[in-house]
A.B. asks: 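I'd like to ask you about the structure that follows.
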Amino acid sequence: MIGWMRHTPRWAVISVCVIAAVLLFVGASAHVADLLSHGLHPYAWAPSWLNLYWSSLALFDTLAAAFLIRDERRGTDLACAIMATDLAANWYAVYGIQHSSFAAQPSLQRLTVFAALVLGTAPFIRRHLTK
């Protein structure tokens, strides 16, 4: 570990965890709303496996947020796994299925920024979390 990473201020760790947890709860809420409105296949245009993945995020986003709030390392690990896979799934959906572009998809733009926040800050904050 690079020496300056060890000296991440506690307020920065807490701030990143709170922001990530809130945004993960927002994502979980959207997935829960989709589940309640449309069941396990909320997007008719998407294949079943992709619908099931997005539906599963109702649970996984909530778990990651709860772990981050509880100051647990596995929250960072799960958030990174979620963001990497969700970003890949959404890029695939936009380019491979919808034949759209990054510029035409504000939701993909927001997800990309959030993924950059989570993945970019994880090495700095993970070591400061317990368990």
A.B. asks: Rounded to the nearest 0.5 Å, what separation is found between the CG atom of Leu63 and the CG atom of Leu59?
C.D. replies: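 Answer rounded to 0.5 Å: 4.5 Å.
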A.B. asks: Go through the side-chain N and O atoms of Ser100 and Tyr95 and say whether any donor and acceptor fall under 3.5 Å apart.
C.D. replies: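 Side-chain D/A pair, Ser100 to Tyr95: absent.
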A.B. asks: Let me check something: do Leu23 and Leu78 share a hydrophobic cluster, defined by ILVMFWY side-chain heavy atoms less than 4.5 Å apart, either directly or through other members?
C.D. replies: yes
A.B. asks: Taking NZ, NE, NH1 and NH2 as the nitrogens, is one of them in Asp71 or Arg10 under 4.0 Å from a carboxylate oxygen of the other?
C.D. replies: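 Salt bridge: yes.
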A.B. asks: Find out whether Asn90 and Thr112 are in side-chain contact, i.e. whether some heavy atom of one side chain is under 4.5 Å from a heavy atom of the other.
C.D. replies: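 No, their side chains stay 4.5 Å or more apart.
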A.B. asks: Less than 4.5 Å apart, side chain to side chain, heavy atoms only: is that true for Thr76 and Leu68?
C.D. replies: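 Yes - at least one pair of side-chain heavy atoms lies under 4.5 Å apart.
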A.B. asks: Measure across Arg70 and Thr130 and return the closest heavy-atom pair with its distance rounded to 0.1 Å.
C.D. replies: O-OG1, 4.3 Å
A.B. asks: Yes or no on side-chain contact (heavy atoms from CB on, under 4.5 Å) for Ser55 and Asp34, after CA distance, side-chain angles and deciding distance?
C.D. replies: CA-CA 8 Å; Ser55 294; Asp34 286 344; over 6 Å; no
A.B. asks: Do Ser101 and Val94 come close enough that some side-chain heavy atom pair is under 4.5 Å?
C.D. replies: no
A.B. asks: Calculate, to the nearest 0.5 Å, the distance between atoms NE2 and CG belonging to His31 and Leu57 respectively.
C.D. replies: 4.5 Å
A.B. asks: Can you tell if the side chain of Ile125 reaches within under 4.5 Å of the side chain of Cys17, non-hydrogen atoms only?
C.D. replies: yes
A.B. asks: Are there over 12 heavy-atom neighbours, none belonging to Trp11, within less than 6.0 Å of that residue's CH2?
C.D. replies: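 At most 12 heavy atoms, drawn from other residues, nucleotides or ligands, come within 6.0 Å of this atom.
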A.B. asks: Can you list every pair that meets ring-ring contact (aromatic ring centres under 6.0 Å, His included) and has a residue in residues 100-119, with sequence neighbours left out?
C.D. replies: Trp91-Phe102
A.B. asks: Please list all pairs meeting salt bridge (Lys or Arg N to Asp or Glu O under 4.0 Å) that have one or both residues in residues 14-31, counting only residues at least two apart or in different chains.
C.D. replies: none
A.B. asks: Looking at side-chain heavy atoms only, is the closest gap between Ser48 and His41 below 4.5 Å?
C.D. replies: yes
A.B. asks: Let me confirm one number: the CD-CD distance from Gln105 to Gln98, rounded to the nearest 0.5 Å.
C.D. replies: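 Atom-to-atom, Gln105:CD and Gln98:CD are 5.5 Å apart.
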A.B. asks: Taking the side chain as every heavy atom from C-beta outward, state whether Phe60 and Leu24 have any pair of such atoms under 4.5 Å apart.
C.D. replies: no
A.B. asks: Locate the shortest heavy-atom distance separating Leu87 from Ala115; write the atom from each residue and the value.
C.D. replies: CD2-CB, 3.8 Å
A.B. asks: Of all the heavy-atom pairs spanning Ala28 and Thr62, show the shortest one and how long it is.
C.D. replies: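 Closest pair (atom of Ala28, atom of Thr62, distance): CB-OG1, 3.3 Å.
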A.B. asks: Check Ala65 against Ala21 and note the closest heavy-atom contact, atom names and distance.
C.D. replies: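 Looking at all heavy atoms of both residues, the closest pair is CB-O, 3.6 Å.
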A.B. asks: Are Ile19 and Val113 connected into the same hydrophobic cluster when the rule is that any two of I, L, V, M, F, W, Y join if their side-chain heavy atoms are below 4.5 Å apart?
C.D. replies: no
A.B. asks: Flag yes if Ile14 and Val118 sit in one hydrophobic cluster, no otherwise; membership is Ile, Leu, Val, Met, Phe, Trp, Tyr, and two members link when side-chain heavy atoms are under 4.5 Å apart.
C.D. replies: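 Different hydrophobic clusters.
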A.B. asks: At what distance, to the nearest 0.5 angstrom, does CG of Leu40 lie from NE2 of His38?
C.D. replies: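 Answer for the CG-NE2 pair, Leu40 versus His38, is 12.5 Å.
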A.B. asks: Taking all non-hydrogen atoms of both residues into account, name the closest pair between Phe67 and Gly75 and its distance.
C.D. replies: CB-CA, 3.3 Å
A.B. asks: Got Trp54 and Asp86 here, is their nearest side-chain heavy-atom distance under 4.5 Å?
C.D. replies: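 Answer yes - side chains close enough.
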A.B. asks: Determine, using the 4.5 Å side-chain heavy-atom cutoff (strictly less than), whether Leu35 and Leu52 are members of one ILVMFWY cluster.
C.D. replies: yes
A.B. asks: Any chance you could lay out the side-chain contact (heavy atoms from CB on, under 4.5 Å) test for Val16 and Phe124, step after step, and finish with the verdict?
C.D. replies: CA-CA 10 Å; Val16 169; Phe124 300 98; over 6 Å; no
A.B. asks: Using the salt bridge (charged side-chain N to carboxylate O under 4.0 Å, His left out) criterion, which residues pair with Arg74? Sequence neighbours excluded.
C.D. replies: Glu72
A.B. asks: Would you say Pro42 and Ser37 make side-chain contact, with heavy atoms under 4.5 Å?
C.D. replies: no
A.B. asks: Taking Tyr53 as the starting point, is it possible to reach Met83 by hopping between hydrophobic residues whose side chains are less than 4.5 Å apart?
C.D. replies: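 Shared cluster, yes.
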A.B. asks: For Asp61 and Gly27, which heavy atoms make the closest approach, and how far apart are they?
C.D. replies: OD2-C, 3.6 Å
